[in-house]
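Remarks on the structure that follows.
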Amino acid sequence: DRVYILRKTAACHRELGQDDLFAETVAKAIDIDLDKYAEEPWRASVNQSLVRSYRLAGNDARAELHLEEALHIGITRITEHPDSASAAYSYGRTLQLAGRHEEAFEQFSRAYDIDRTSSRYRRAYFAARARLQNPFQAIEVIDHAPRATRLFHPTLPLAKPPEILARVHVVAAQLGDVECNDLETL
């Protein structure tokens, strides 16, 4: 999907501090979304895409309008087609955008129960289940390089900043003491 690629590109521009390119790329994504919306305003997926694009642009008010519209479309489709896996899946995606993850899981579960052959519904179901079972998200992976490699980077500090150590201790408290050579962890 071109809009998806444009949003990813825009996010990269923002990370690189290229504000003009960020604004230009997000505007292209929104223009494409609005063209689709003009043709098919009744499609939840078009409204979901507008939510993502407007959120990326920092326009939360417009994002919220399209989120409400997508929720309304989802409820209508679920009511009119209670045995539709597609309707349940689409509504689940909208609920995820709204941050209503337990309800999204219920809809993904419905879609997967209705159609066990769909890899899309299976992936959504298991991903939502994993999110509910483990609400922690990895923020950053810290790789502790061997001491010998420090010689290749003499400008790097030899001591670890205290904020990194604090994060490592929090992770250690959550996961317990796990070593690479500990066979029980495998």
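Computed over heavy atoms, backbone and side chain alike; hydrogens, waters and symmetry mates excluded.
The OG atom of Ser118 lies 7.5 Å from the CZ atom of Arg123; values are rounded to the nearest 0.5 Å. One finds the CD atom of Glu64 at 8.5 Å from the CG atom of Asp60 (value rounded to the nearest 0.5 Å). One distance of note links CD of Glu80 with OG1 of Thr76; it measures 6.0 Å at 0.5 Å rounding. Taking OG1 of Thr94 as the reference point, atom NE2 of His66 lies at 13.0 Å (rounded to 0.5 Å). Atom CG of Leu97 sits about 6.0 Å away from atom CD of Gln48, to the nearest 0.5 Å.
Closest of all the heavy-atom pairs between Ala85 and Asp115 is CB-CB, 4.0 Å. Looking at every heavy atom in both residues, Gln107 comes nearest to Ala88 through CB-O, 3.2 Å. The two residues Arg77 and Ser86 have their closest heavy-atom pair at NH2-OG, 3.5 Å. Across all their heavy atoms, His101 and Gln96 have their closest contact at CE1-O, 3.8 Å.
Within the 3.5 Å criterion, the main-chain N or O of Arg43 finds a donor-acceptor partner in the side chain of Asn47.
Counting heavy atoms from C-beta outward, Arg100 and Leu71 have side chains that approach closer than 4.5 Å. In this structure, Ser109 and Asp113 have side chains that are in contact, with non-hydrogen atoms separated by less than 4.5 Å. Considering only heavy atoms from C-beta on, His13 stays 4.5 Å or farther from Asp19 through its side chain. Taking the side chain as every heavy atom from C-beta outward, Lys36 and Val3 approach each other to under 4.5 Å.
Taking the side-chain contact (heavy atoms from CB on, under 4.5 Å) definition, one finds that Ala124 meets it with Tyr89, Phe108, sequence neighbours left out.
Each of Leu50, Val51, Leu6 was checked for a side-chain contact (heavy atoms from CB on, under 4.5 Å) with Asp33, and the lone residue meeting it is Leu50.
Under a hydrophobic-cluster definition in which Ile, Leu, Val, Met, Phe, Trp and Tyr are linked whenever side-chain heavy atoms come within less than 4.5 Å, directly or via other members, Tyr125 and Tyr91 are assigned to different clusters. The hydrophobic cluster containing Leu56 also contains Leu34, counting ILVMFWY residues as joined when their side-chain heavy atoms lie under 4.5 angstrom apart, directly or transitively. Both Ile75 and Leu95 sit in one connected hydrophobic cluster of ILVMFWY residues. Membership requires side-chain heavy atoms under 4.5 Å apart, directly or through other members. The cluster map of Ile, Leu, Val, Met, Phe, Trp and Tyr, joined by side-chain heavy atoms under 4.5 Å apart, puts Ile78 and Leu67 in the same cluster. At a threshold of 4.5 Å between side-chain heavy atoms, the hydrophobic network of Ile, Leu, Val, Met, Phe, Trp and Tyr places Ile32 and Tyr4 in two separate groups.
Side-chain contact annotation: Ser53 with Arg7, donor-acceptor N/O pair under 3.5 Å present. Residues Tyr37 and Glu69 bring a donor and an acceptor atom of their side chains to less than 3.5 Å of each other.
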Evaluate Val26 against Arg14 for side chain to side chain contact (heavy atoms under 4.5 Å, CB included), listing each step before the verdict. CA-CA 10 Å; Val26 169; Arg14 181 175 56 196; over 6 Å; no
Taking it one step at a time, do Glu106 and Arg110 satisfy salt bridge (charged side-chain N to carboxylate O under 4.0 Å, His left out)? CA-CA 6 Å; Glu106 291 171 15; Arg110 268 182 75 193; over 6 Å; no
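A cation-pi geometry, defined here as NZ or CZ lying under 6.0 Å from the six-membered ring centre and within 45° of its normal, holds between Arg116 and Tyr112.
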